[in-house]
Amino acid sequence: MATLRQKALLLAQNRPSVSATAPSLKISDYFGVNVFGKKQMKESLAPTVYKKVEEAIEKGAKIDPSTAEEIASAVKTWALSKGVTHYTHWFQPLTGSTAEKHDAFFDAHAGIEKFKGSALVQQEPDASSFPNGGIRSTFEARGYTAWDPSSPIFIFSNTLCIPTIFVAYTGEALDYKTPLLKSIEAINDASVAICQLFDRNVRKVTPSLGVEQEYFVIDKALFATRPDLVMAGRSVYGHNPARGQQLEDHYFGSIPTRVKDFMLDFEIEALKLGIPVSTRHNEVAPGQFEVAPLFEEINKAVDHNQLLMDLMDKVAEKHNLKVLFHEKPFAGVNGSGKHNNWSLITDTGVNLFQPSNSARENLQFLTFLVGTIKAVYDYADLLRASIASAGNDHRLGANEAPPAIISVFLGSTLSGILDELEKNGNIKIEKGDNMYMKLGISKIPEIILDNTDRNRTSPFAFTGNKFEFRAVGSNANSAEPMTALNVIVAEVLKQMAKDIEKEISAGKEKKIAIVNVLRKYIKDSKKVRFEGDGYSEEWEKEAEKRGLSNLKSTPFALDTYSDKKVIEIFQKHNVLSHVELHARHEIMLENYIKKVQIESRVMGDLALNHIIPTAILYQNKLIENANGLKGLGLDNTAAIETIKEVSKHLESLKSNVNQMIDARKKLNKEDDIVKRAKGYSTDVKDAFFDKIRYAVDKLELLVDDESWPLVKYREMLFIK
Ligand code: ADP
Ligand code: MG
């Protein structure tokens with residue numbers, strides 16, 4: 001009888017490809033058809049009502065009940081015309097995924113379809129099942145969701161989805177979106193103040209975000225046979241395939257047909273949802289792919305990334321595939337990130353990170369550039385914490401991934417300019433001198449999007465006209481790191497504005513005042529700049545010498561949420577109160593413990609129920625063989641040696657699993673959540689995961705292939 005593994009392999013090998021066709025050759029014919037966007041609103045709302053919505057979107061103005069009523073009615077008509085029967089508030093609780101609670105438009109009492117303005121604006125989902133870090137005790141289940149008009153309403157899975165924020169009835173944020181929206185205001189205020197030094201016309205500055213999303217794809221049946229992938233999202237066992245990444249080149253450019261069809265399909269659906277995916281499919285590791293939509297205003301980009309992940313998951317089902325968003329689903333193979341490309345754009349259409357051919361604009365560019373570098377230096381630990389998760393711990397600081405040390409890469413051109421500025425800043429500028437010339441600011445090449453000067457090993461790199469935060473985990477909600485980034489840059493820009501003001505009050509000319517402050521900031525933040533190989537051991541040593549943190553484990557990285565300095569900036573910029581930050585810290589620790597606990601259980605269960613019994617059966621066969629050979633008077637050394645080796649790994653496996661279970665039991669009695677989380681990191685994960693995996697992966701090489709219970713790496717990674 002065939003084993004589950006063999007059956008799954010047979011299924012996977014004989015899958016037909018499921019092709020997808022776009023509704024039209026022209027994308028513009030169907031882009032955004034499933035979105036109730038500005039265009040649809042304009043068409044269906046009275047001009048006065050539309051104006052109010054626009055104000056709510058642009059300026060965050062409140063929507064009054066009668067306006068809400070009219071919008072609800074128009075949305076309902078639009079949704080019903082598209083065959084939609086249900087609606088839901090769509091929000092991003094701290095569980096890490098998106099949440100929905102569906103209600104029908106149909107009102108059985110009235111016998112008609114209804115959708116009230118109040119239902120559009122506010123809902124009370126049963127919030128007791130979402131994490132709240134002690135803000136809202138479970139018996140008091142009143143949290144509510146409130147419509148966020150700045151992110152458009154859309155149809156997903158035949159349901160009208162209304163993007164909302166999620167807050168406790170006492171007002172504290174219980175989601176990712178609320179602090180993000182507040183951080184957008186904070187950075188807007190701080191940036192506009194700086195821009196005013198250069199251009200009085202700037203009234204608004206908005207962060208932009210473009211998310212490059214990496215992911216793995218494997219066959220659905222193979223996925224289903226691996227309890228570790230199902231439960232923990234990553235394979236806890238599996239020996240490296242013989243042809244792994246050493247043959248990297250081999251895989252570039254040849255995307256398997258099934259995956260290509262899947263990509264095409266989800267891209268079509270994404271475009272219908274107004275997600276501007278640009279067709280780009282580079283393959284990074286075997287089985288790994290990437291999708292990168294065009295950048296958008298940050299709030300929309302975050303929603304679109306969350307939605308895209310949901311969408312990919314759903315479309316994959318149709319193709320009998322499973323998408324893995326885990327940061328390190330396969331050991332020894334590249335991990336997955338979610339590169340957050342971030343920039344600041346003014347309402348006058350200027351990207352503040354775009355070097356230009358105008359000297360004046362370049363001084364502005366340098367101000368924002370240096371401000372950001374200083375922010376990363378001052379708050380590196382907060383940035384690190386903002387991307388900390390059990391999954392990302394397997395990637396950061398491990399193999400084939402950016403290090404857990406936060407540093408900034410600028411490229412040789414900019415690095416040189418900052419060095420010059422630092423050195424030459426005290427050049428005496430005489431009246432009539434061209435200061436820009438003298439300081440070398442006038443000659444920043446307008447285009448430094450030089451692809452040859454890219455550093456793929458930097459966690460935070462300047463890439464020509466934007467910063468790319470590459471250390472973000474593939475499974476993360478980008479709102480978390482982007483909120484942190486917005487807040488820290490806002491803080492430094494605010495400080496900068498003050499420092500410049502001080503210089504001006506002391507009688508310095510404005511330009512000189514700015515340059516003086518820049519010089520100081522460049523000097524102060526120099527240690528965070530690194531142009532070399534971030535994956536190297538030398539960098540770890542060098543970073544230590546420089547006093548930069550290298551926090552490899554989540555619960556330790558999260559300690560910074562209790563730092564006075566961090567509590568203060570979140571409070572000062574009105575993004576998170578102390579209570580909210582504390583709650584978040586607890587939720588992150590809770591999530592971490594749960595994840596490691598699950599991994600540890602899966603490891604134990606697989607070892608005890610699958611691996612050990614299989615290895616013992618094989619061992620028995622070997623014993624029979626050894627005895628048989630001996631009976632015939634033949635040499636049985638090979639059989640005896642294999643028996644010994646299998647025994648050795650079996651012993652180690654059994655004993656380590658038992659010890660790991662004991663370690664867990666002991667930790668579960670620990671009441672202090674910080675200590676418990678740290679214990680899970682050191683006493684469970686660090687102490688046992690590698691040892692246990694080592695024994696299992698060795699056994700995989702010893703036990704005959706036929707009876708091995710788990711689908712192997714080579715079978716999962718090389719999809720047909
Ligand atoms: P790279 O080669 O630097 O990774 P890509 O052109 O592939 O550049 O872009 C990566 C992502 O960065 C895309 O999502 C793109 O839309 C986004 N991006 C480009 N310019 C900006 C910008 N000014 N602000 C934010 N994101 C941007
Ligand atoms: Mg990139």
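Only a predicted model underlies this, so the values are computations on that prediction, with no experimental measurement involved. Atoms within a ligand are numbered from 1 in the order they appear, just like the ligands themselves.
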K.L.:
Quick one: does Ala292 get an N or O within less than 3.5 Å of an N or O on ligand 1?
P.N.:
no
K.L.:
Polar contacts were defined as any N/O atom of the residue lying under 3.5 Å from an N/O atom of the ligand; does this apply to Ser208 and ligand 1?
P.N.:
no
K.L.:
With no hydrogens and no angle check, is any side-chain donor or acceptor of Gln288 less than 3.5 Å from a backbone partner on Gly335?
P.N.:
yes
K.L.:
With sequence neighbours excluded, what pairs up with Glu55 under the salt bridge (Lys or Arg N to Asp or Glu O under 4.0 Å) test?
P.N.:
none
K.L.:
If the condition is side-chain hydrogen bond (donor to acceptor under 3.5 Å, both in side chains), which residues does His326 pass it with, not counting sequence neighbours?
P.N.:
none
K.L.:
With only distance considered, is Thr463 within less than 3.5 Å of ligand 1 through an N or O on each side?
P.N.:
no
K.L.:
Is the contact between Glu212 and ligand 1 made by the side chain, the backbone, both, or neither, using heavy atoms and a 4.0 Å cut-off?
P.N.:
side chain
K.L.:
Could you please spell out the steps behind the side chain to side chain donor-acceptor pair (under 3.5 Å) verdict for Thr560 and Asp381?
P.N.:
CA-CA 6 Å; Thr560 193; Asp381 287 352; 5.0 Å; no
K.L.:
Is there a polar contact, in the sense of an N or O pair closer than 3.5 Å, between Asn341 and ligand 1?
P.N.:
yes
K.L.:
Take Lys527 and Asp378 through the salt bridge (Lys or Arg N to Asp or Glu O under 4.0 Å) test and state the conclusion after the steps.
P.N.:
CA-CA 11 Å; Lys527 282 188 194 149; Asp378 287 352; over 6 Å; no
K.L.:
Only heavy atoms count here, so choose which of Glu468, Arg470, Lys466 is nearest to atom 9 (O) of ligand 1.
P.N.:
Lys466
K.L.:
Counting heavy atoms only, which of Ser343, Pro207, Ala301 comes nearest to atom 24 (N) of ligand 1?
P.N.:
Ser343
K.L.:
Tell me whether Pro293 has any N or O atom under 3.5 angstrom from an N or O of ligand 1.
P.N.:
yes
K.L.:
Taking 4.0 Å as the limit for heavy-atom contacts, which would you say applies to Asn351 with ligand 1: side chain only, backbone only, both, or neither?
P.N.:
side chain
K.L.:
Between Glu317 and Lys314, is the closest basic N to carboxylate O distance under 4.0 Å?
P.N.:
no
K.L.:
Would you call the rings of Phe262 and His319 parallel, tilted or perpendicular, taking 30° and 60° as the class edges?
P.N.:
perpendicular
